[in-house]
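All values reported here derive from a predicted model rather than from experimental measurement.
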Amino acid sequence: MPRMSKKRKEEWAFFLIERNRITYNPLCRKCRRTCKQSFRATIIECPAFISKRAKQPDGKGGGTYR
């Protein structure tokens, strides 16, 4: 695997772990969408993920993991 240039490291700094590997949030790892988030971030809003604790607009409890 080629090494990252200094510029690329700076761009991806929020996604890099100590071994200089790009790492995504556990909820985003298996997601097919391109809106990947860093492992350091707390997911605030994601169109593909609905928390089971979230209130549903129709009043039903629980959500689904799409």
Side-chain angles (χ1 to χ4, degrees):
M1 181 184 312
R3 291 178 32 184
M4 279 194 219
S5 66
K6 184 177 179 182
K7 183 178 179 181
R8 187 162 183 230
K9 271 188 189 178
E10 289 173 358
E11 289 174 359
W12 286 94
F14 196 60
F15 288 85
L16 295 176
I17 57 174
E18 57 276 349
R19 293 184 292 160
N20 288 332
R21 295 189 64 151
I22 296 173
T23 308
Y24 299 110
N25 194 300
L27 296 174
C28 296
R29 284 187 191 143
K30 294 181 182 176
C31 184
R32 60 185 166 92
R33 296 175 180 258
T34 59
C35 59
K36 305 285 188 198
Q37 296 184 28
S38 170
F39 70 99
R40 300 175 200 266
T42 303
I43 293 183
I44 296 172
E45 184 176 343
C46 179
F49 177 73
I50 300 172
S51 175
K52 291 182 179 179
R53 292 179 281 170
K55 300 222 182 223
Q56 300 298 317
D58 59 355
K60 295 180 182 175
T64 58
Y65 200 15
R66 294 183 196 165

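Residues satisfying the ring-ring contact (aromatic ring centres under 6.0 Å, His included) test with F14, not counting sequence neighbours, are none. By the side chain to side chain contact (heavy atoms under 4.5 Å, CB included) test, T34 pairs with no residue at all, sequence neighbours left out.
In terms of heavy atoms, F39 sits closest to T23 at CD2-O, 3.5 Å. Contact record, K9 with N20: NZ-ND2, 3.5 Å, taken as the closest heavy-atom pair. Closest of all the heavy-atom pairs between I22 and M4 is CG1-CE, 4.0 Å.
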Donor-acceptor pairs under 3.5 Å, side chain of residues 25-32 to any protein atom, not counting sequence neighbours: which ones?
from: N25; atom 1: OD1; to: L27; atom 2: N; distance (Å): 3.2
from: N25; atom 1: ND2; to: A41; atom 2: O; distance (Å): 3.1
from: R29; atom 1: NE; to: Y24; atom 2: O; distance (Å): 3.3
from: R29; atom 1: NH2; to: Y24; atom 2: O; distance (Å): 3.4

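In this structure, the separation between CD on Q37 and CZ on F15 is 8.0 Å, given to the nearest 0.5 Å. Remark: E10 CD to L16 CG distance equals 11.0 Å, nearest 0.5 Å.
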